[in-house]
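Worksheet: one structure, shown below.
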Amino acid sequence: EFARRAKYIIIHLDETESLLLHLGMSGRLLFDGPPQGRHEHLTFHCEGGTVLRFVDPRRFGLLLLAERSGLASHPRLAGLGVEPLSPTFDGALLHRRFAGRRSDVKAALLDQRLVAGIGNIYACEALFRAGISPRRRAGGLGRRRCERLARAIVAVLEEAIAAGGSSLRDYVDADGRAGNFQNEFRVYGREGEPCPGCGTPVRRIVQGGRSTFFCTRCQR
DNA sequence: AACGCTTCCTGTTCGC
DNA sequence: TGCGAACAGGAAGCGT
């Protein structure tokens with residue numbers, strides 16, 4: 001029995017215990033298939049013969065055994081922000097969560113305590129679609145911009161999920177299949193290429209140690 | 001509080 | 001070809 005919160009995969013083992021799993025940057029969870037070599041850190045042999053392999057070359061991932069009853073208050077899960085695909089997420093909520101934040105809106109989108117589950121790719125893509133500069137202060141965004149951003153976040157996530165996710169290198173689903181959304185990136189990873197909106201070369205900057213890709217003309 | 005920088009680790013790509 | 005540098009889907013932990 002599987003669940004998810006933010007970027008954590010939750011596997012309910014029985015009535016009392018659950019696994020908390022995070023793939024980090026390079027993690028994979030693979031059902032069956034051949035052994036994966038030295039980066040296969042944990043292998044589950046399930047009832048019925050199914051094998052589940054946790055593979056993570058960079059070891060930024062996480063796998064914890066947790067009490068099911070205490071999951072909501074687990075240190076890793078408590079404090080996570082709203083799920084962007086939940087019905088309660090909208091521009092007004094984003095506006096409230098951003099209020100008073102002095103950091104760049106790009107950094108705020110990556111802050112899992114504000115909105116949960118947005119990573120570097122989808123932060124860049126959502127800001128592009130919303131026409132908002134990643135360098136804008138989060139707390140300075142007005143309601144209208146927050147509404148546009150909220151809609152862009154939902155659209156990007158839904159499209160990415162429908163496309164099976166984004167595979168830069170490592171990511172594959174549990175059946176070993178790569179995603180396709182990387183073919184739909186409008187700015188991420190496209191430094192120097194023409195913006196799909198206006199042709200201006202896409203710029204890359206670094207914010208909080210992470211690459212940000214954006215169009216200086218379309219995103220204000 | 002909230003912020004920004006550093007760190008964890010391995011693999012791949014890029015420029016000389 | 002070899003070799004170091006830069007870079008990569010994340011987020012905790014640390015100072016300030």
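Lettering of chains follows the sequences in order, A, B, ..., and the numbering in each one begins at 1. Worth saying up front: this structure is predicted, and the values here are computed from it rather than measured. Values below: all heavy atoms of this structure, side chains included; hydrogens, waters and symmetry mates excluded.
- OP1 or OP2 of B:dG11 has at least one side-chain nitrogen or oxygen of A:R38 nearer than 4.0 Å.
- Environment of CZ in A:R102: sparse, with no more than 12 heavy atoms of neighbouring residues, nucleotides or ligands closer than 6.0 Å.
- Both A:R59 and A:S103 sit near DNA chain B, but only A:S103 has its closest nucleotide nearer the 5' end.
- The residue A:S26 sits apart from the nucleic acid: no heavy atom pair falls under 4.0 Å.
- For A:R68 and A:E17, the salt-bridge test fails: no basic side-chain N is under 4.0 Å from an acidic carboxylate O.
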Check against side-chain contact (heavy atoms from CB on, under 4.5 Å), A:L127 and A:K106: CA-CA 8 Å; A:L127 284 167; A:K106 163 67 181 337; 4.0 Å; yes
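- Separating the CZ atom of A:R76 from the P atom of C:dA11 is a distance of 9 Å, rounded to the nearest angstrom.
- Within the structure, every side-chain polar atom (N or O) of A:H22 is placed at least 4.0 Å from both OP1 and OP2 of C:dG10.
- Whole-Å rounding puts the A:Q207 CD to B:dT6 P distance at 16 Å.
- For the pair A:R113 CZ and B:dA2 C1', the computed distance is 7 Å after rounding to whole Å.
- Within the nucleic acid shown, A:R204 comes within 4.0 Å of sugar-phosphate atoms alone, with no base atom in reach, counting heavy atoms only.
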For DNA chain B, the expected dot-bracket line (Watson-Crick or G-U under 3.5 Å, [ ] crossing, | inter-strand) is .|||||||.|||||||
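- Note on A:F185: nothing from the nucleic acid sits closer than 4.0 angstrom, heavy atoms only.
- Ring-base stacking between A:F60 and C:dA11 is not satisfied when judged by a centre separation under 5.5 Å and a plane angle under 30°.
- Proximity of A:H39 to the phosphate of B:dG11: a side-chain N or O atom is located under 4.0 Å from OP1 or OP2.
- Straight-line distance from the OH atom of A:Y8 to the P atom of C:dG10: 12 Å, rounded to whole Å.
- When heavy atoms are screened at a 4.0 angstrom cut-off, A:R169 is found touching base atoms of the nucleic acid.
- In this structure, the CZ atom of A:R210 is 14 Å from the C1' atom of B:dC8, given to the nearest Å.
- Side-chain polar atoms of A:R204 and A:S211 form a donor-acceptor pair below 3.5 angstrom.
- Between the CZ atom of A:R137 and the C1' atom of B:dG4 there is a distance of 16 Å, rounded to whole Å.
- One donor-acceptor pair, N or O on each side, does fall under 3.5 Å between the base of C:dA8 and the side chain of A:R58.
- A:D111 places its CG atom 13 Å from the C1' atom of C:dG10, with the value rounded to the nearest Å.
- In this structure, the CG atom of A:L168 is 12 Å from the P atom of B:dT13, given to the nearest Å.
- Within the nucleic acid shown, A:G24 comes within 4.0 Å of sugar-phosphate atoms alone, with no base atom in reach, counting heavy atoms only.
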